[in-house]
Amino acid sequence: MDAELGSRGVETVCQTCEVELDRIAEVAMLTEQDLELLRQPRRRINANIPVRMDDGSVEVFPSFRVQYNDARGPMKGGIRFHPAVDEDEVDELAFLMALKCAVVDIPFGGAKGGVQVDPSALSTGELERLSRAYISEFQDDIGPQTDIPAPDVNTDGQVMAWMRDEYEQVVGRQTPGVITGKPPGLGGSKGRTTATSLGGAEVLDAFLETVDIGGDSPTVAVQGFGNVGSHLTKFLHERGYDVVAVSNADGGLHDASGLAVPALFDEHADTGDLVAAEATEIPNEELLTLDVDVLVPAAIEDQITEENMADIRADAVLEMANGPTTPTADEYLSAHGVPVVPDILANAGGVTVSYFEWVQNTTNEYWTVDRVQEKLRAQMATAFEAVAQVKAEGDGTRSWREAAYTRAVDAVLQAETYRSNIPER
Ligand code: NAD
């Protein structure tokens, strides 16, 4: 591989960030000065972290923390454990976190972390030592008022608990707000598990009020039945939506008259299997092309692509996964009258409740689940309104993604202007 190129064949500057910014530069009226400020993260910190393995050997894990922007507040973003993690991926995710926090107007900037590791190959002890080593290595770079990590792919509440503990051992005092996504009982917030899905349901309700799609009981297909997809399916069913198809990595289920969601959800919670008596089994690719009112990719990135974009028959897409639609497919769908509600808005309920967790840790006052959910609903409704307003401005031709990016970038740049890092815009 060319030394200048990362694993995706792009330069190891945040080329994806540049591409995204260039896409919206015109609609968001960004100046060269704005672009220069936003094209690169503020800081990239790389480390090669040695960890003692169970057999006595030492393995060294390439590790990253990217701090994209802190104009609006302490930086915030998860830590991913995955063999394919690299600098460019972490850059891009940090950039998206900065925008996501801005779009829902929580007072955080954006960051992201990662370790190049296959966690399934580690014992519990090795996983704990790696988690602690990451914090020990980046201890000077993180903190409740500087940069607050969280879970991401392959890191969970237990990993956050080890990380909090390690940080507190290093600094010598209780610091629950150093990290979010902790288990309830160790400073975690009630309502975090379902937050992303509840936020998505709230956004979808508000979105459908602005467009002529779906009627009283909109039909929905949900790709991915993990934390986000399963709880979203349940929330949508409770709100009167007709969920006609769901899937996981093994395949999908389809029932045009509507799936029996409560039984499906309970069975999945008990056994991990997707089972519905009346439903037909379908491959994942077919779920994506079903004729439904709303298609919800809630699994992994790059699912709606050049390959299948022309086959999408849904009237709208709600992006619950991060980056499920490639830029080409996104432009194609918008041009063909299929609105795509973008990830930075649709799935921002999770980081919103992470912010609530940090507030609770900082004030030492803990909230009921009802209070968390009430505040989350209000925050998401306000964010949606703000994006809808930007979309309606000008000649009204901005896509939902362009409107969300414009609002987010405007908020970041306004904070930069107040700080005198750029001239008044
Ligand atoms: P998860 O690991 O709990 O679930 C992922 C689900 O996707 C599983 O059901 C898996 O079987 C399924 N899946 C994987 N590959 C698939 C494929 N090719 N086709 C169909 N299904 C497939 O993950 P999650 O926490 O539910 O996150 C899902 C997405 O939402 C990810 O993109 C994540 O980055 C994003 N997200 C999650 C949160 C959160 O709070 N958990 C917040 C924001 C964004």
Side-chain angles (χ1 to χ4, degrees), residues 76-82 84-85 89-90 92-94 96-97 99-101 103-104 106 110 112 114 119-120 150-157 159-160 180-182 188-189 191-201 203 221-235 245-254 264-265 267-269 271-274 281-290 295-305 307-308 317-325 341-357 372 376 380:
K76 180 99 192 79
I79 301 169
R80 173 171 293 202
F81 285 1
H82 196 276
V85 163
E89 177 178 277
V90 183
E92 179 189 348
L93 294 166
L96 290 175
M97 281 305 295
L99 299 189
K100 199 178 288 192
C101 292
V103 91
V104 281
I106 56 176
K112 205 77 179 191
S120 67
D152 194 74
V153 173
N154 293 329
T155 53
D156 59 9
V159 171
M160 298 304 109
T180 62
K182 301 177 295 294
S189 178
R192 174 62 186 90
T193 311
T194 57
T196 305
S197 313
L198 181 59
V203 166
V222 180
Q223 184 203 35
F225 208 72
N227 179 40
V228 174
S230 67
H231 289 108
L232 180 76
T233 297
K234 198 158 176 248
F235 282 127
V246 295
S247 67
N248 61 19
D250 300 327
L253 294 174
H254 179 219
L264 181 81
F265 185 89
E267 177 73 24
H268 183 264
T271 65
D273 295 328
L274 279 181
E281 290 188 12
I282 54 167
N284 248 303
E285 306 76 62
E286 195 177 321
L287 178 139
L288 295 172
T289 59
L290 288 173
L295 172 63
V296 184
I300 51 173
E301 67 281 352
D302 295 343
Q303 293 302 292
I304 305 175
T305 65
E307 302 289 309
N308 62 4
V317 174
L318 179 78
E319 289 189 333
M320 293 304 294
N322 282 318
T325 316
V341 183
D343 47 7
I344 62 164
L345 173 62
N347 71 26
V351 73
T352 302
V353 171
S354 290
Y355 163 59
F356 295 163
E357 178 176 334
V372 170
L376 172 62
M380 297 306 291

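Start at 1 and go down the list; that is how both ligands and their atoms are numbered. Along the sequence shown, the residues carry numbers beginning at 1.
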Any donor and acceptor pair, going by atom type alone, linking the side chain of Thr196 with main-chain N or O of Gly349 inside 3.5 Å? no

Please state which part of His231 comes within less than 4.0 Å of ligand 1, counting heavy atoms only: side chain, backbone, both or neither. neither

Could you tell me whether a side-chain N or O of Asn322 sits under 3.5 Å from a main-chain N or O of Ile300, the two making a donor and an acceptor? no

Between the side chain of Asn154 and the main-chain N/O of Phe81, is any donor-acceptor distance below 3.5 Å? yes

Just by distance, do the side chain of Thr271 and the backbone of His268 share a donor-acceptor pair under 3.5 Å? no

Minimum heavy-atom distance between Pro297 and Ile304, given as atom pair plus value: CG-CD1, 4.3 Å

Output the list of atoms in ligand 1 that are nearer than 4.0 Å to some heavy atom of Asn248, sorted by atom number. 9 (O), 11 (O), 20 (C), 21 (N), 22 (C)

In terms of atom number and element, which parts of ligand 1 are under 4.0 angstrom from non-hydrogen atoms of Met320? 30 (O), 35 (C), 44 (C)

Atom 11 (O) of ligand 1 has as its nearest protein heavy atom Ala249 N, 2.9 Å

Could you check atom 44 (C) of ligand 1 against the protein and tell me its nearest heavy-atom contact, residue, atom and distance included? Asn347 ND2, 3.4 Å

Could you identify the single nearest non-hydrogen protein atom to atom 32 (O) of ligand 1 and state the distance to 0.1 Å? Asn322 N, 3.1 Å

Heavy atom of the protein closest to atom 40 (O) of ligand 1 (residue, atom name, distance): Thr196 OG1, 2.6 Å

Quick note on ligand 1: atoms under 4.0 Å from a heavy atom of Ala298 include exactly 28 (C), 29 (C)

Protein heavy atom at shortest distance from atom 26 (O) of ligand 1: Val228 N, 2.8 Å

Please check whether Gly350 reaches ligand 1 - meaning an N/O of the residue sits under 3.5 Å from an N/O of the ligand, judged on distance alone. no

Ligand-residue contact atoms, ligand 1 with Arg192, heavy atoms, under 4.0 Å: 40 (O)

Show me which atoms of ligand 1 lie under 4.0 Å from any heavy atom of Ala321. 29 (C), 30 (O), 32 (O), 35 (C)

Measure the distance from atom 3 (O) of ligand 1 to every protein heavy atom, then report the residue, atom name and distance (to 0.1 Å) of the closest one. Asn227 N, 3.0 Å

Nearest non-hydrogen protein atom to atom 6 (C) of ligand 1, with distance, is Gly226 N, 3.6 Å

Okay, side chain of Asp152, backbone of Thr155: is any donor-acceptor separation there less than 3.5 Å? no

Minimum heavy-atom separation for Leu232 to Gly200, with atom names? CD1-C, 4.1 Å

Just so I know, are the side chains of Pro151 and Asp156 near enough to count as touching, which here means a heavy-atom distance under 4.5 Å? no

Looking only at protein heavy atoms, which one is nearest to atom 7 (O) of ligand 1, and what is the separation? Ala299 CB, 3.4 Å

Distance, nearest 0.5 Å, that separates CD of Glu89 from CD of Glu301: 7.0 Å

Closer than 4.0 Å and a protein heavy atom, does any atom meet both conditions relative to atom 13 (N) of ligand 1? yes

Per-atom filter on ligand 1: closer than 4.0 angstrom to a heavy atom of Ser247 are 20 (C)

Which ligand 1 atoms does Ile300 reach within 4.0 Å, using its non-hydrogen atoms? 15 (N), 18 (N)

Mark whether atom 23 (O) of ligand 1 lies under 4.0 angstrom from at least one protein heavy atom. no

What closest approach, in Å, do Val103 and Ile344 show between heavy atoms, and which atom pair accounts for it? CG1-O, 3.1 Å

Under 3.5 Å, is there a donor-acceptor pair between the Lys234 and Thr194 side chains? no

Closest approach of Thr233 and Val246, non-hydrogen atoms and distance? OG1-CG1, 4.0 Å

